[in-house]
Asker: 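Below is one structure. I have some questions about it.
For clarity, every value in this text was computed on a predicted model and none was experimentally measured. In what follows, every heavy atom counts, from backbone to side chain, and hydrogens, waters and symmetry copies are set aside. Read the numbers this way: they start at 1 and go in the same order the structure lists the ligands and their atoms.
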Amino acid sequence: MKNETIIRQCAQTRDSFYLYDEAVIARQITRLKRTFPGAELLYSIKCNPNPHVLNCLFRKGFGADAASEREVEMACQAGLTPGGIQYSAPGKGDRDLLAAWGKATFIADSVGEMHRIQTIAQKKGQTVSVGLRVNPNFTFAGEGGIPSKFGIDAGEALALAKENPFPNLRIAGIHVHVKSQELRENVLSAYHKNVFRLAEKFAGLLGGLDFVNLGSGLGIPYGVNDREPDLTALGTTFAEHLAAFRQTCPKTRVILETGRFPVGQSGLYITRVIDRKTSRGKTFLILHNTLNGFLRPSLVNLVMKYAGTEHSAGTEPLFTSPDAFRFLPLKEGEPCERVTLVGNLCTAADVMAEDILLPRLEPGDLIAVTNAGSYGTALSPMQFSMQDAPDELFLTCAGEVLTNRE
Ligand SMILES: *Cc1c(COP(=O)(O)O)cnc(C)c1O
């Protein structure tokens with residue numbers, strides 16, 4: 001396994017930890033930049049707010065897609081300026097808006113929020129440029145919009161652009177994001193084209209547009225049969241759509257945001273076998289901090305138990321697919337056996353994997369879980385039963401291992 005020596009060294013003083021590999025992040029960033037020249041890139045902090053990960057992306061020119069006031073603060077602390085931070089989330093309250101005021105570009109998620117921003121701006125005697133999150137008249141499946149808790153329906157948003165009733169707000173851009181984890185490049189390409197078309201409509205009504213943020217959507221392979229989108233094909237069609245867009249909007253900033261693509265595959269979650277037991281013929285390996293260290297593999301088991309083979313929209317980033325994670329033992333040569341991987345919590349729900357084949361492992365041995373770079377720490381209930389939270393380690397391109405505190 002890659003980085004096995006380093007993993008073993010890190011495990012000398014730890015029973016479970018995350019290891020993020022900067023070389024993987026750097027490679028993914030290079031690939032993104034090559035695919036989308038002419039677009040600015042924002043990193044969606046919510047997928048992994050580890051400070052070393054943030055610095056790695058920001059150093060390489062990413063701006064920030066912030067989903068909370070604290071994420072705005074983190075991006076600010078890391079040295080980004082308000083133009084490079086877009087604060088987009090539903091349900092931003094007055095306290096959030098005031099705390100983030102002047103530090104980020106607000107992406108208004110509703111008419112109610114526009115009212116709130118207007119009231120504050122008026123009190124301050126300022127005019128603020130905002131973006132609108134638009135719930136478009138299309139989805140990844142094609143034409144026709146759907147009801148959504150996100151954004152302002154396209155028709156209503158266009159009406160606001162035509163006749164802006166907010167004297168202290170300037171509508172400066174639009175933001176669209178409808179789906180994550182799409183692997184079909186032709187679907188992504190059609191989506192890009194649709195967003196550019198929508199942006200042209202807004203630009204027509206507003207006499208220009210400062211920015212269009214096309215959101216994310218770009219998926220990574222999780223399951224064994226997943227295939228990454230063809231980036232060459234995607235880049236080619238993106239360049240065509242962008243060139244067409246440039247005819248009407250030569251100066252508009254074109255922005256893409258992404259979380260999982262740059263960091264998802266950079267992370268492993270390593271956990272130690274603490275105990276093994278056989279109960280009525282079934283072998284259990286009891287691991288250190290599973291559900292409470294890296295929730296998503298255990299969620300796969302829960303979802304599959306209730307949904308069977310029926311699982312569809314609206315489950316990202318909690319659930320992706322039944323085979324989204326692999327369990328790699330740091331041991332070879334032993335005969336294989338069928339085991340169930342469970343955690344050390346006092347709940348039967350922390351089942352990481354059921355009845356899988358692994359070489360025989362003993363207490364003290366290690367297992368690495370893949371695809372732990374995004375939505376790992378961020379989604380895991382680490383306060384559950386007062387266990388120690390796993391360390392997050394960052395392996396630099398120079399081979400140095402940094403902890404959370406360095
Ligand atoms: C979470 C989120 C993203 C990042 O999604 P990934 O699938 O991790 O790339 C981007 N934009 C918005 C609005 C989001 O909520």
Asker: Do the two ring centres, one from Tyr375 and one from Phe319, sit under 6.0 Å apart?
Answerer: no
Asker: Could you tell me whether Glu316 and Arg260 have a side-chain N and a carboxylate O separated by less than 4.0 Å?
Answerer: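 Salt bridge: yes.
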Asker: Have a look at ligand 1 and work out which part of Asp65, if any, has a heavy atom under 4.0 Å from it: side chain, backbone, both or neither.
Answerer: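 Asp65 to ligand 1: side-chain contact only, backbone stays beyond 4.0 Å.
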Asker: Could you give me the CA-CA distance, side-chain angles and deciding distance for Asn301 and Glu354, then say whether side-chain hydrogen bond (donor to acceptor under 3.5 Å, both in side chains) is met?
Answerer: CA-CA 8 Å; Asn301 281 282; Glu354 187 135 30; over 6 Å; no
Asker: Using a plain distance cutoff, I'd like to know if Lys46 has any nitrogen or oxygen under 3.5 Å from a nitrogen or oxygen of ligand 1.
Answerer: yes
Asker: What atoms in ligand 1 come closer than 4.0 Å to a heavy atom of Thr258?
Answerer: 9 (O)
Asker: Just distance, no hydrogens or angles: give the donor-acceptor pairs under 3.5 Å from side chains in residues 128-139, sequence neighbours left out.
Answerer:
{"from": "Ser129", "atom 1": "OG", "to": "Arg170", "atom 2": "NH1", "distance (Å)": "2.8"}
{"from": "Arg133", "atom 1": "NH2", "to": "His177", "atom 2": "O", "distance (Å)": "2.9"}
{"from": "Asn135", "atom 1": "ND2", "to": "Ile146", "atom 2": "O", "distance (Å)": "2.9"}
{"from": "Asn135", "atom 1": "ND2", "to": "Asp153", "atom 2": "OD1", "distance (Å)": "2.8"}
{"from": "Thr139", "atom 1": "OG1", "to": "Ala141", "atom 2": "N", "distance (Å)": "3.0"}

Asker: Only heavy atoms of Ser44, strictly under 4.0 Å: list the atoms of ligand 1 that pass.
Answerer: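 By the 4.0 Å cutoff, the relevant atoms are 3 (C), 4 (C), 10 (C).
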Asker: Could you list the atoms of ligand 1 found under 4.0 angstrom from a heavy atom of Arg133?
Answerer: 13 (C)
Asker: Answer yes or no: does an N/O atom from Arg260 fall short of 3.5 Å to an N/O atom of ligand 1?
Answerer: yes
Asker: Decide whether the shortest distance between a heavy atom of Glu316 and an atom of ligand 1 is less than 4.0 Å.
Answerer: no
Asker: Suppose we measure from atom 11 (N) of ligand 1 to each protein heavy atom; which comes out shortest, and what is that distance?
Answerer: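 Residue, atom and distance for the closest contact: Glu257 OE2, 2.7 Å.
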Asker: Within ligand 1, which atoms have a heavy atom of Ser180 less than 4.0 Å away?
Answerer: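 Selected atoms, number and element: 5 (O), 6 (P), 7 (O).
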Asker: Would you please determine whether Tyr375 falls within less than 4.0 Å of ligand 1 on a heavy-atom basis?
Answerer: yes
Asker: How far does CZ of Phe238 sit from CG of Leu214, to the nearest 0.5 angstrom?
Answerer: 5.5 Å
Asker: To check your reading of the model: name the closest protein heavy atom to atom 9 (O) of ligand 1, its residue, and the distance in Å.
Answerer: Ser216 OG, 2.7 Å
Asker: Using a strict cut-off of 4.0 Å, indicate which atoms of ligand 1 neighbour a heavy atom of Gly259.
Answerer: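 In order of numbering, the contacting atoms are 4 (C), 6 (P), 8 (O), 9 (O).
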Asker: Can you find an N or O of Gly217 that's nearer than 3.5 Å to an N or O of ligand 1?
Answerer: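 Checking ligand 1 against Gly217, no N or O pair falls under 3.5 Å apart.
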Asker: Name the residue from Leu268, Val401, Asn50 that meets the side-chain contact (heavy atoms from CB on, under 4.5 Å) definition with Leu393.
Answerer: Val401
Asker: Side chains of residues 59-67: which donor-acceptor partners sit under 3.5 Å, not counting sequence neighbours?
Answerer:
{"from": "Arg59", "atom 1": "NH2", "to": "Glu22", "atom 2": "OE2", "distance (Å)": "3.1"}
{"from": "Asp65", "atom 1": "OD2", "to": "Ser44", "atom 2": "OG", "distance (Å)": "2.7"}

Asker: Would you say the ring centers of Phe325 and Phe294 fall short of 6.0 Å from each other?
Answerer: yes
Asker: What are the two closest non-hydrogen atoms of Arg296 and Leu318, and how far apart are they?
Answerer: NE-O, 3.5 Å
